[in-house]
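Hydrogens, waters and symmetry mates are skipped; everything else that's a heavy atom, side chains included, is used. As the structure lists them, so they are numbered: ligands from 1, and atoms in each ligand from 1.
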Amino acid sequence: MEIKYKPEELTKLPRSVDYKNGKVYMIDQRLLPKEFKIVEFTKVEDVATAIKNMTVRGAPAIGAAAAFGLALYAETTKAKTKEEFFEGFEKAYETLKNTRPTAVNLFWALNRIKKLVEENRESSLEEIKKLIVEEAKKIANEDVEANLRMGHYGAEVLPEGNLLTHCNAGSLATVHLGTVGAVVRVMHKEGILKLLWLDETRPVLQGARLSAWEYSYDGLNVKLIADNAAAFVMQQGMVDAIIVGADRIVANGDFANKIGTYMLAVLAKEHGIPFFTVAPLSTIDMNLKSGREIPIEERSPEEVLTCGGCRIAPDVPVYNPAFDVTPHRYLTGIITDRGIVWPPFKRNLKKLFSSL
Ligand code: MRU
């Protein structure tokens, strides 16, 4: 695989999450598409709240945001002794960890920094602080590189024509470019993406609000559909492949992604349409054997009872799982930053991780 394009040749968007001079910056995704606003944070608790309330969302983006939360702690703590520092670090780690349960990137990023701190316990306080900030920045930069690689790998295997995606696995869901976002941007650049169908993705509308905004901003040819139109467009032969992100892929290839993904996977099989997920290695959790073990976040009933701030249903009980699990048998392949993983997924994922 040859990297043909730089990130700035693929998108005009800035990074969705960043860290500079002791402040965490995020594009406030709750306001889009009405308003584009970058918000800044100077407290760990506020970064945790921003992850919970989806100011920042998308698996790799929340991983980077959590890492920056720890960097923020390191640069702003008033701890005078190493003991005080480690105590405060543990508290910051727990606060950031207890935000959203499904996307493994959050835990992956936090644990990567925690391990580094543990390995360097004997270093000076100043040295430990510096290491934390550098590691958080490295996590973010690596995410951009991983997306660029996935974008080029994906463009080599996806068919020319019309793709369909769900939710937002674009630049906004990562540090920059996106997972699906990188693939469709490279394909657009190569002139092989005719049309990108976007599911609106109720109840939070990441497809309608975020994907429609970011892909049209970069000049891609998009068409928005209500979620329940997906089967019809497939039946009409208007979809050549489906491409979605992932919040957690486990050792046998089962994966969690935005609620509604499983439904699309079953439909894709019925219509003989290739179905891919795109995710960096930081989204792969080899500690879990099957998708049944993935914790699924349940969010507030308000998300279902309202739409765009308007009440659309009477006060009835609501079940609002934010993710579902797609069994690996529906997957054509997994596009990673280390190449494509084909079936049998259990064997090939194991092979990939043991080759690292
Ligand atoms: O609840 P969200 O908006 O954080 O869910 C996001 C998704 O499900 C994305 O598809 C997934 O995180 C992949 S992002 C590259």
Side-chain angles (χ1 to χ4, degrees), residues 11 13 15-17 26-30 32 50-66 99-109 140 143-144 146-151 154 164-185 198-211 213-215 227 242-249 255-265 275-285 291 294-300 303-304 320-326 334-337:
T11 182
L13 286 169
R15 289 188 175 203
S16 61
V17 53
M26 294 174 193
I27 297 176
D28 190 336
Q29 301 193 33
R30 296 167 309 167
L32 287 167
I51 295 173
K52 254 191 217 164
N53 70 19
M54 296 171 80
T55 300
V56 63
R57 34 67 51 202
I62 65 177
T99 48
R100 299 194 69 191
T102 304
V104 76
N105 307 61
L106 177 79
F107 312 104
W108 171 86
D143 188 57
V144 184
N147 289 340
L148 198 60
R149 293 175 63 80
M150 286 184 282
L164 182 145
T165 193
H166 191 64
C167 191
N168 173 267
S171 192
L172 292 165
T174 62
V175 175
H176 203 206
L177 282 182
T179 55
V180 168
V183 176
V184 295
R185 285 181 165 96
L198 305 172
D199 282 352
E200 62 179 354
T201 320
R202 272 283 290 158
V204 180
L205 299 173
Q206 289 94 331
R209 295 189 305 105
L210 307 176
S211 291
W213 178 80
E214 75 158 83
Y215 295 134
D227 297 320
I242 295 177
I243 177 174
V244 295
D247 287 82
R248 193 185 300 226
I249 300 173
F255 74 104
N257 192 50
K258 183 50 54 194
I259 191 77
T261 301
Y262 170 44
M263 190 162 77
L264 289 178
F275 184 88
F276 287 89
T277 184
V278 198
L281 296 197
S282 54
T283 302
I284 305 178
D285 182 357
I294 304 175
I296 298 295
E297 176 182 11
E298 205 182 318
R299 292 187 63 87
S300 147
E303 290 182 352
V304 177
N320 183 18
F323 301 95
D324 60 26
V325 175
T326 299
I334 305 172
I335 301 164
T336 79
D337 47 317

**Asked** salt bridge (charged side-chain N to carboxylate O under 4.0 Å, His left out) between Arg248 and Asp285: does it pass, once the steps are laid out?
**Response** CA-CA 6 Å; Arg248 193 185 300 226; Asp285 182 357; 2.7 Å; yes

**Asked** Who are the side-chain hydrogen bond (donor to acceptor under 3.5 Å, both in side chains) partners of Thr336, not counting sequence neighbours?
**Response** none

**Item:** Atom-level proximity to ligand 1, residues with heavy atom under 4.0 Å
**Value:** Met54, Arg57, Gly58, Ala59, Pro60, Arg100, Cys167, Asn168, Ala169, Ala173, Thr174, Thr179, Gln206, Gly245, Ala246, Asp247, Asn257, Lys258, Phe323

**Prompt:** Out of curiosity, Asn53 CG to Arg30 CZ, how far, rounded to the nearest 0.5 Å?
**Reply:** 4.5 Å

**Item:** Those residues that, when tested against Ser211, pass side-chain hydrogen bond (donor to acceptor under 3.5 Å, both in side chains) (two or more places apart)
**Value:** Asn168

**Request:** Drop me the distance from Asn320's CG to Glu298's CD, to the nearest 0.5 angstrom.
**Result:** 7.0 Å

**Complete:** Residues at least two apart in sequence or cross-chain that pass side chain to side chain contact (heavy atoms under 4.5 Å, CB included) with Thr326, listed by chain then number, are Phe255, Thr261, Tyr262, Ala265, Phe275, Asp324, Tyr330

